[in-house]
Number of protein chains: 2
Amino acid sequence: MGRRSDHTREELRELILEEGHRQLSEVGFARFSAREVAKGIGYSIGTIYNVFGSYSALMLALNGRTLDIWLAFLEERLAGREKDRLDAAIEAYFDFALGHRHAWTALYDFRLPAGELPSESYREKVEAITGVIVREIAAVLPADARQHALPLARSLLASVHGHCFFAINGTFAMLGEQDPVGAAKARVAEALARYG
Amino acid sequence: MGRRSDHTREELRELILEEGHRQLSEVGFARFSAREVAKGIGYSIGTIYNVFGSYSALMLALNGRTLDIWLAFLEERLAGREKDRLDAAIEAYFDFALGHRHAWTALYDFRLPAGELPSESYREKVEAITGVIVREIAAVLPADARQHALPLARSLLASVHGHCFFAINGTFAMLGEQDPVGAAKARVAEALARYG
DNA sequence: CAAATTAATTGAACGCCGTCCAATTTTTTA
DNA sequence: TAAAAAATTGGACGGCGTTCAATTAATTTG
């Protein structure tokens, strides 16, 4: 088969990302393959390479999509919430990771080959999620401590991430921890307590 | 070539682990291959399978070796230290991860296929490292708060892990965090302050 | 000591993978 | 309508984990 006009380049890109994310969510990073995505949309492997150029570019785009979904999920959980917004954000972190286990895990399992850098748009997505946490932390800090919101947000994100990661990869189960979410909330509360 | 007697089964196991860990540390998990290890020790791929049975069993043994080295590293850093032992442990966490980047990363990049469980000996190694932290936390807690040492240790390990992970995978760099170790120490100190 | 048995080792074969690219076909341009 | 450009294919390549029949050496048995 030669040139087709079933889809524009943009449609094709969207088709691949849609099917790719579906498959990634289903089989997980270790079993994910670009060839299988091509099969799934009825195109050949070569077409994936036409559109994305490489496996890492595809993975980065898929992880970008996960970040998009994650951000939307987080904002939705916070929307309209009056009290305990940070706790809600922590719960959302865990719920998203547990509910999209494979996609979430792929965010960290996939590493760019040495020398390659994440695109600007990928960085923006990561920063957008961080931005939500910065905003929520700033909101609970006393006015004279607001300048600590960004460093605190980065650090508390790391703490929550560690708890979530151990919950998902089995480390906590191995060590007998039964309430990872509660532990994460406690650590965040202690950090904030310092600023009165 | 048929049966040889160059090495006993135990020697062969050790040979494979030695070379495997060397290669894993050099090329990282994504590029690591059992075939290449076989080449490295002058045996065929079949022999690796005779000794370990599968790729996951080999990886688990290699990660077990990393945990052994990590535990020894941690204990050595703490040996003879009088003050700020927990801070020293946190520094050791980061220093080990940074100094053995590929091996440390492989501990988390490699996931057992669904259904397989880590061996008892692997669990013991993880618990041994946790045990060090439990001990150090218990030592700084007031006597009437000692029962919190284990849950606190699990949780603070997760926090420190999150910081270390973000330091190594580039998330912190992306977000402008310049002092991951300092942030981790601050979070741990705040958690302990509560029992102060 | 010789013959039979057991154990270890090999490497080709299989079906995957990411990657590349010459050939083909359609669309667009001239 | 002819020429140029763009898109799509799928075979080829070298790699991977895994399996296993064949081979060879060590060990046991008679």
Side-chain angles (χ1 to χ4, degrees), chain A residues 1-17 19-21 23-24 26-63 102 106 109-116, chain B residues 1-17 19-21 23-24 26-63 102 106 109-116:
Chain A
M1 207 184 326
R3 179 168 180 165
R4 299 194 208 165
S5 53
D6 305 8
H7 304 95
T8 67
R9 203 129 223 272
E10 251 341 285
E11 286 171 341
L12 205 41
R13 199 188 142 84
E14 180 56 25
L15 214 57
I16 293 168
L17 287 181
E19 174 69 10
H21 206 266
Q23 291 193 15
L24 178 60
E26 189 173 321
V27 307
F29 176 69
R31 293 227 245 256
F32 176 80
S33 106
R35 282 182 127 98
E36 204 57 39
V37 175
K39 268 189 216 164
I41 61 167
Y43 275 80
S44 80
I45 174 67
T47 293
I48 305 268
Y49 274 78
N50 282 350
V51 176
F52 286 95
S54 70
Y55 174 79
S56 14
L58 173 60
M59 271 310 307
L60 218 53
L62 289 171
N63 280 347
H102 283 145
D109 281 351
F110 172 66
R111 291 209 207 306
L112 281 170
E116 288 182 40
Chain B
M1 207 183 329
R3 179 167 177 165
R4 299 193 208 168
S5 55
D6 304 10
H7 305 95
T8 67
R9 203 130 223 272
E10 251 341 286
E11 285 171 342
L12 205 41
R13 200 188 141 84
E14 179 56 26
L15 213 58
I16 293 169
L17 287 181
E19 175 69 10
H21 207 268
Q23 291 192 15
L24 178 61
E26 189 174 321
V27 306
F29 176 68
R31 292 228 246 258
F32 176 80
S33 105
R35 284 183 125 98
E36 204 57 40
V37 176
K39 268 189 216 164
I41 61 167
Y43 276 80
S44 80
I45 175 65
T47 294
I48 305 268
Y49 275 78
N50 282 349
V51 176
F52 285 95
S54 71
Y55 175 78
S56 15
L58 172 60
M59 271 310 307
L60 218 52
L62 288 171
N63 280 348
H102 282 146
D109 282 349
F110 172 66
R111 292 209 207 307
L112 281 171
E116 288 182 42

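Below, read A as the first sequence line, B as the second, and so on, with proteins coming before strands; counting in each chain starts at 1. Both backbone and side-chain heavy atoms feed into the values below; hydrogens, waters and symmetry mates do not.
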Heavy-atom contacts, protein to nucleotides 11-18 of chain D, under 4.0 Å, summarised as B (base), S (sugar-phosphate only) or - (none) per nt, yield -B---BBB
Separation of D:dT23 atom C1' from B:Tyr43 atom OH, nearest Å, is 16 Å
Donor-acceptor pair, side chain of B:Glu116 and main chain of B:Pro113, under 3.5 angstrom: no
Here the distance between atom C1' of C:dA8 and atom CG of B:Asp6, to the nearest Å, is 11 Å
In whole angstroms, the gap separating P of C:dA7 from CD of B:Glu10 amounts to 17 Å
Rounded to whole Å, the CD1-C1' distance (A:Ile48 to D:dT9) equals 13 Å
To the nearest angstrom, the CE-P distance between A:Met59 and C:dC17 comes to 15 Å
Should we count CZ of B:Arg4 as having more than 12 external heavy atoms under 6.0 Å?
yes
Open item on the list: Has A:Gln23 got a side-chain atom pairing as donor or acceptor with A:Glu36's backbone, closer than 3.5 angstrom?
Closed with: yes
B:Leu12 CG to C:dT10 P, in whole Å, measures 9 Å
Residues pairing under side-chain hydrogen bond (donor to acceptor under 3.5 Å, both in side chains) where one sits in residues 45-54 of chain A, two or more places apart or in two chains, turn out to be none
Here the distance between atom P of D:dA7 and atom CG of A:Asn50, to the nearest Å, is 8 Å
dist A:Phe29:CZ -> A:Leu62:CG (nearest 0.5 Å) comes out at 10.5 Å
Taking OP1 and OP2 of D:dA6, is either one under 4.0 Å from a side-chain nitrogen or oxygen of A:Arg9? no
Atom CZ of A:Phe110 and atom P of C:dG18 are separated, to the nearest Å, by 12 Å
- request: Give the ring-plane orientation class for A:Phe110 versus A:Tyr55, where under 30° counts as parallel, over 60° as perpendicular and anything between as tilted.
  value: perpendicular
